[in-house]
There are 2 protein chains.
Amino acid sequence: MDAELEQFLMSRTNNIQSLRQMAVDTIREAIVMGYYKPGEPIRERQIAEKMNISTTPVKEAFRTLEYEGLVETVPRKGTFVSNMADTSIEEILMLRASVEGLCARLAAEKMTPADKQKLKQQLERMDILLQEQRVEELVQENTTFHRMIVTYAQSPMMEQTWNTVSAFDRAFRKLALQQNKEQTEGFAEHWRVFEAVEQSDGETAELEMKSHILRTLDHVMKQEQRRRGE
Amino acid sequence: MDAELEQFLMSRTNNIQSLRQMAVDTIREAIVMGYYKPGEPIRERQIAEKMNISTTPVKEAFRTLEYEGLVETVPRKGTFVSNMADTSIEEILMLRASVEGLCARLAAEKMTPADKQKLKQQLERMDILLQEQRVEELVQENTTFHRMIVTYAQSPMMEQTWNTVSAFDRAFRKLALQQNKEQTEGFAEHWRVFEAVEQSDGETAELEMKSHILRTLDHVMKQEQRRRGE
DNA sequence: TATTATTAACTGATATATCAGATATCAAAG
DNA sequence: CTTTGATATCTGATATATCAGTTAATAATA
């Protein structure tokens with residue numbers, strides 16, 4: 001085992017809500033950071049030992065990560081990092097566009113005036129950050145905005161689904177961590193989503209959110225082309 | 001605990017790939033069949049005892065079911081059946097339409113001639129069942145068809161996502177188990193999906209699959225109205 | 001009697017020991 | 001030298017005992 005990885009696993013003794021959650025977060029990040037490569041085995045005993053916990057929470061963590069698509073357990077053989085290579089950023093963003101589009105539609109139909117006010121405040125906060133070019137925070141708040149839409153959809157199913165997609169999205173973004181800055185473009189599109197939501201126009205809200213994310217995809221693809229062209 | 005439920009849990013001693021998987025399937029079905037009602041607690045010790053297994057595989061099963069959105073665990077307080085009431089059949093089918101639509105697109109782009117052949121055979125099998133009005137089997141094979149599309153999309157993420165949506169779909173269908181027969185209508189639409197797939201026309205495949213499922217939704221909604229009108 | 005403190009009985013969370021399949025090792029037989 | 005089969009040693013799977021919050025019942029107190 002890589003010494004750096006060992007250090008990483010041991011260092012995560014903080015943030016204890018439950019050992020299970022700690023294990024989920026730590027292992028996920030270890031995979032996402034590239035400490036484990038696709039196809040490589042992850043041994044529950046080893047993880048447990050390095051994290052100074054028992055195998056029980058590690059096993060439970062594996063079940064969650066398996067559902068997120070990050071690992072795959074073959075009974076009595078081992079748990080392995082999934083080949084996420086089979087999932088492209090293109091597929092991820094297409095699915096995100098559809099899912100968040102539907103969330104926007106439901107949110108538009110269900111949100112109360114108070115909810116709408118909060119959403120508006122979020123966008124205003126983001127506008128300021130954009131003007132001041134505080135990119136780091138802006139990326140953070142952007143995620144919050146999207147999460148708000150999902151929450152306001154008030155659908156456990158949509159939320160679960162979004163979580164699944166997000167797990168892949170996060171993994172991908174860290175692996176190829178560019179594009180975050182690019183996303184500062186087209187932030188104005190958020191307001192178009194909001195306007196539809198404000199008027200409780202579900203159909204428009206869905207379309208706006210969907211095309212917003214698909215435009216992000218366009219940017220990513222063009223950027224990819226540019227990199228290859230150089 | 002209901003005696004009927006007790007019987008149900010005890011009877012599931014067959015089909016042993018792993019106790020964990022058995023627990024997942026059994027508990028899921030128990031919820032879906034309505035033995036457990038939304039909000040009701042599910043105790044891991046009780047389940048383990050009735051199924052004659054230890055709590056370890058039950059705990060792992062809970063993690064999977066939690067990700068599927070069927071249960072919710074509050075640390076040291078209990079595991080409870082989720083309030084799926086907040087999810088309507090309308091939302092389920094809208095999401096399914098989007099997800100399977102995307103799967104159809106990817107499948108169309110990725111499938112080999114051999115794959116296409118298998119898909120065609122599946123549809124032919126269904127045609128025969130339809131002619132002979134063997135509804136029970138037809139419903140089964142219909143599910144297989146949809147699953148094939150997802151599999152041929154060759155995307156772990158799409159598959160995971162579809163699993164999540166399907167968990168909700170199954171739950172709803174059993175709770176209000178009508179509509180299965182209604183689905184024998186519009187089976188011809190499957191062929192339109194196939195034709196697009198055969199020509200590797202992803203865009204059309206997506207649209208056809210999406211509208212196919214949305215038409216199912218229409219049927220369900222109209223049926224709902226009719227029932228209320230009576 | 002109403003209120004508070006105490007305890008007993010839940011619950012899930014965790015640690016640990018053991019079971020069981022999969023696999024690699026290595027020695028004996030061909 | 002190759003093949004075969006016994007065995008040691010991996011791995012995850014499972015059972016069980018114990019830990020630690022949570023809650024409800026109960027007893028002590030005002």
Side-chain angles (χ1 to χ4, degrees), chain A residues 1 5-6 9-10 12-28 30-31 36-82, chain B residues 1 5-6 9-10 12-27 30-31 36-68 70-82:
Chain A
M1 184 192 275
L5 166 58
E6 195 172 327
L9 293 178
M10 296 198 312
R12 285 317 197 71
T13 173
N14 54 334
N15 197 339
I16 306 175
Q17 330 156 41
S18 71
L19 297 184
R20 178 210 312 166
Q21 194 55 47
M22 184 176 99
V24 170
D25 293 339
T26 305
I27 299 169
R28 183 198 289 127
I31 292 173
Y36 286 105
K37 307 209 179 339
E40 195 174 336
I42 306 186
R43 285 168 253 276
E44 55 181 45
R45 276 181 170 80
Q46 192 180 44
I47 297 262
E49 189 188 345
K50 292 305 176 193
M51 290 184 70
N52 243 308
I53 61 179
S54 79
T55 61
T56 312
V58 175
K59 284 186 79 67
E60 289 188 84
F62 279 178
R63 294 290 77 71
T64 295
L65 294 169
E66 186 167 40
Y67 217 93
E68 286 185 1
L70 286 172
V71 307
E72 203 169 334
T73 294
V74 182
R76 322 228 177 224
K77 287 189 67 174
T79 296
F80 306 87
V81 178
S82 291
Chain B
M1 183 193 276
L5 166 57
E6 195 171 326
L9 293 178
M10 295 198 311
R12 285 320 196 72
T13 172
N14 55 335
N15 198 339
I16 306 175
Q17 328 156 43
S18 70
L19 298 184
R20 177 211 312 164
Q21 194 55 46
M22 184 176 99
V24 169
D25 293 339
T26 305
I27 299 168
I31 293 174
Y36 287 105
K37 307 206 179 342
E40 197 174 333
I42 305 185
R43 284 167 254 277
E44 57 181 45
R45 275 180 170 78
Q46 193 180 43
I47 297 261
E49 189 188 345
K50 293 304 177 194
M51 291 186 69
N52 242 310
I53 61 178
S54 78
T55 61
T56 312
V58 176
K59 286 185 78 68
E60 288 188 85
F62 279 178
R63 295 290 77 72
T64 294
L65 294 169
E66 186 168 40
Y67 218 95
E68 285 184 1
L70 286 172
V71 307
E72 203 169 335
T73 295
V74 182
R76 314 213 185 242
K77 289 188 68 173
T79 296
F80 307 87
V81 178
S82 292

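Keep in mind that the numbers below use all heavy atoms, side chains included, and drop hydrogens, waters and symmetry copies. What you see is a predicted model, and the numbers here were worked out from it, not measured in a lab. Here is how names work: the chains are called A, B, and so on, in the same order as the sequence lines, proteins then strands, and each is numbered from 1.
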Taking A:Glu66 for its side chain and A:Thr73 for its backbone only, find out whether a donor-acceptor pair lies under 3.5 Å.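 Yes: the side chain of A:Glu66 pairs with the backbone of A:Thr73.
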If only atom types and distance count, is the side chain of A:Gln21 paired as donor or acceptor with the main-chain N or O of A:Ser18 below 3.5 Å?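 Answer holds: no.
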What is the separation between atom CD on A:Gln21 and atom C1' on C:dG12, rounded to the nearest whole Å?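 Distance, rounded to whole Å: 15 Å.
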B:Asn52 CG to D:dA15 C1', in whole Å, measures 12 Å
Produce the list of close N/O pairs, under 3.5 Å, pairing protein atoms with atoms of nucleotides 10-13 of chain D; give distances to one decimal.
residue, atom, partner, partner atom, Å
D:dT11, OP1, A:Arg43, NE, 3.2
D:dG12, OP1, A:Ile42, O, 3.1
D:dG12, OP1, A:Glu44, N, 3.4
D:dG12, OP2, A:Glu44, N, 3.4
D:dG12, N7, A:Arg45, NH1, 2.6
D:dG12, O6, A:Arg45, NH2, 3.0
D:dG12, N2, A:Arg76, NH1, 2.9
D:dA13, OP1, B:Arg20, NH2, 2.7
D:dA13, OP2, A:Lys59, NZ, 2.7
D:dA13, OP2, B:Arg20, NH2, 3.0
D:dA13, O4', A:Arg76, NH1, 3.3

Between B:Ser54 and D:dA15, is there a contact of a side-chain N or O with OP1 or OP2 at under 4.0 Å?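 It does, given that an N or O in the side chain of B:Ser54 lies less than 4.0 Å from OP1 or OP2 of D:dA15.
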Is B:Glu72 atom CD crowded by more than 12 heavy atoms from other residues, nucleotides or ligands, each under 6.0 Å away? no
A:Leu5 CG to A:Tyr36 OH distance, which is reported to the nearest 0.5 Å: 4.5 Å
Hey, what do you get for CG (B:Leu65) to CD (B:Glu60), rounding to the nearest 0.5 Å?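 Result: 12.0 Å between the selected atoms.
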